[in-house]
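Data block below; observations after.
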Amino acid sequence: MSENHKLAVDPYLLCFQTPCESADQINGFIDRLLGWSSLSRNKDMHVLVSDKTRIALIDDGDYPEQHNLRAAMRAFNYDAADPETVCRVLQNILDTTPSLEEYLGVEDVLIDETKTKINPNFLCDRLTGKKKRAFIEMLAILSLFRVVIDPENIKAMYVTSATRQDNFCENLDVTVEIELHDCSIVNGKLSQPLPIGLQDQIPFMWSYNGLMQHLGICAIWQEADSAEYAIEAIELSIRELASSGLDESGRRAYRLGNYFLESAKQWGFFNRTDYAMLLVESCARIVLDAPKNPIKPFRVSSTSSEQRVRSDDGALAFRTHLSKSGVGFRLMLWQLPDDTIEFANVGDKDELIIL
């Protein structure tokens, strides 16, 4: 399996919703197609579309047929592109894009819908008919591959969509909780007995530009053999969050502790891109005073209510969750008397040490 980035396409991206409501809707649809078309030709990126998505678009009547596009373009006097060319671009993407199931070696999955949780839930609510089921099964296949089949070697796997909700930053993690009852694996067999409770956090990209900026952060972080590079990655994440509308007025000074990078490497934050982005964005959000998860005092001991204080400078100890599922990583940090944040170390949910 190549260690290049893998990008699974959300059904919503390829869906041309009818009736069309504006020329902006047409323009946005075309812009997205052009962006992902160029991305699909990127040798460092594997763009994948599930077979269920292809079928669902046709069965639900949401595949952008020429006559639908032509009618919408005429209704809004849209002449920046012709429907034949647009449909040709889309068909070329589908013809040249590998099947998600074939690429990952998972042909089919059977899940318990009553025990399925996707958060944020609007990702499912905006989809109707067979597209919704195709989306959930796509997430199930991705989670099965990431969590069970190849948890160690997978470098980067994302989902991309074409819409955005207010109050969400450019990129986010989709939390997936699914109970898998059966599946068809092409090669080999599962290492765990069925049913399997899958819990995963999959990076979700809203736009081509957002993904490109995300990959820039990843590239810098992978070279972070010094605090200078790590800070550069955090700064780029801060700019990304600010450009998506997060308020910068509460920004605080920060620095990296002597053991921050060492502990990040120890816990695999340089081996998996999803872990890396989780850590970098969490640091950026804390700097902007908009943490992803609550920041709580780091106590003297598990049985004490007293907050730990560093003896040499009076800094206060804090902790916050990086992830709550799986290993349950934590980030430990110090707040110095002048309000500067010092990122100390990372560890699992049982970590009782701040360095």
Side-chain angles (χ1 to χ4, degrees), residues 1 5-8 10 48 50 52 100-101 104-106 108-125 127 132-161 168-169 171-185 188-205 214 264 267-269 271-282 285 291-294 296 319-331 346-351:
M1 177 67 64
H5 300 282
K6 291 91 178 168
L7 185 70
D10 168 23
L48 309 169
S50 74
K52 295 287 180 65
L100 174 78
E101 293 88 343
L104 298 183
V106 182
D108 206 1
V109 291
L110 177 64
I111 62 176
D112 186 341
E113 294 185 17
T114 65
K115 296 181 180 179
T116 297
K117 295 180 181 179
I118 308 297
N119 186 47
N121 55 18
F122 76 80
L123 294 174
C124 291
D125 293 343
L127 295 167
K132 182 174 183 178
R133 176 77 183 186
F135 176 65
I136 293 173
E137 291 190 2
M138 178 190 77
L139 295 179
I141 291 173
L142 290 172
S143 297
L144 174 63
F145 187 83
R146 287 161 51 93
V147 175
V148 178
I149 298 176
D150 196 2
E152 297 299 327
N153 297 322
I154 188 67
K155 276 296 202 179
M157 186 168 286
Y158 316 99
V159 176
T160 181
S161 185
F168 282 91
C169 64
N171 306 315
L172 55 82
D173 289 337
V174 182
T175 301
V176 179
E177 294 183 23
I178 289 176
E179 186 170 288
L180 178 71
H181 282 252
D182 200 5
C183 63
S184 178
I185 306 297
K189 59 182 181 180
L190 294 178
S191 59
Q192 302 178 27
L194 294 166
I196 299 174
L198 297 173
Q199 293 186 335
D200 197 8
Q201 288 185 312
I202 305 175
F204 205 96
M205 305 294 158
H214 175 95
W267 286 101
F269 283 85
N271 297 329
R272 287 184 53 165
T273 307
D274 53 344
Y275 283 8
M277 290 305 301
L278 184 65
L279 177 58
V280 172
E281 184 184 338
S282 294
R285 283 182 162 275
K292 201 168 190 176
N293 293 303
K296 299 179 180 180
R319 61 178 174 84
T320 185
H321 283 288
L322 292 173
S323 63
K324 295 184 179 180
S325 61
V327 177
F329 289 113
R330 284 182 176 181
L331 169 64
V346 296
D348 66 3
K349 59 188 175 184
D350 299 320
E351 180 64 82

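We number each residue from 1, following the sequence as shown.
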Are Met277 and Pro203 packed together at the side-chain level, in the sense that at least one heavy-atom pair is separated by less than 4.5 angstrom? no
Would you indicate whether the side-chain heavy atoms of His181 and Leu194 approach each other to under 4.5 Å? no
How far apart are the C-alpha atoms of Leu322 and Arg330, what are their side-chain angles, what is the distance that settles it, and do they pass the side chain to side chain contact (heavy atoms under 4.5 Å, CB included) test? CA-CA 5 Å; Leu322 292 173; Arg330 284 182 176 181; 6.0 Å; no
Which pair of non-hydrogen atoms, one from Gln199 and one from Val147, has the smallest distance, and what is that distance? O-CG2, 3.6 Å
How about Val148 and Ile196: do any of their side-chain heavy atoms sit closer than 4.5 Å? yes
Check against side chain to side chain contact (heavy atoms under 4.5 Å, CB included), Leu104 and Leu142: CA-CA 8 Å; Leu104 298 183; Leu142 290 172; 4.1 Å; yes
Atom pair CG/CG of Leu7 and Leu48 - distance to nearest 0.5 Å: 7.5 Å
Verify side chain to side chain contact (heavy atoms under 4.5 Å, CB included) between Ser143 and Ile202, making sure each step is shown before the conclusion. CA-CA 8 Å; Ser143 297; Ile202 305 175; 3.7 Å; yes
Less than 4.5 Å apart, side chain to side chain, heavy atoms only: is that true for Ser50 and Ile141? no
Is there side-chain contact between Ile149 and Leu190, with at least one heavy-atom pair below 4.5 Å? yes
Verdict with supporting geometry, Val109 and Glu137, side chain to side chain contact (heavy atoms under 4.5 Å, CB included): CA-CA 7 Å; Val109 291; Glu137 291 190 2; 4.2 Å; yes
Test item: Cys183 and Leu144 side chains (from C-beta on) under 4.5 Å apart, heavy atoms: yes
Do Val174 and Asn119 have side chains that get closer than 4.5 Å, going by heavy atoms? no
Could you pull out the closest heavy-atom pair between Ala140 and Leu198, with the gap in Å? O-CD1, 3.9 Å
How far does CG of Asp108 sit from CG of Asp182, to the nearest 0.5 angstrom? 8.5 Å
Has the side chain of Asn293 got a donor or acceptor atom that lies under 3.5 Å from a matching backbone atom of Thr320? no
From Asp200 atom CG to Glu177 atom CD, the distance as rounded to the nearest 0.5 Å: 10.5 Å
Rounded to the nearest 0.5 Å, how far apart are NZ of Lys132 and CG of Leu123? 11.0 Å
Can you list the residues that meet the ring pair (Phe, Tyr, Trp, His ring centres under 6.0 Å) rule with Phe269, with sequence neighbours excluded? Tyr275, Phe329
Pairing residues for Lys115 by the side chain to side chain contact (heavy atoms under 4.5 Å, CB included) criterion, not counting sequence neighbours: Asp112, Glu179
Test item: Glu281 and Lys292 side chains (from C-beta on) under 4.5 Å apart, heavy atoms: yes
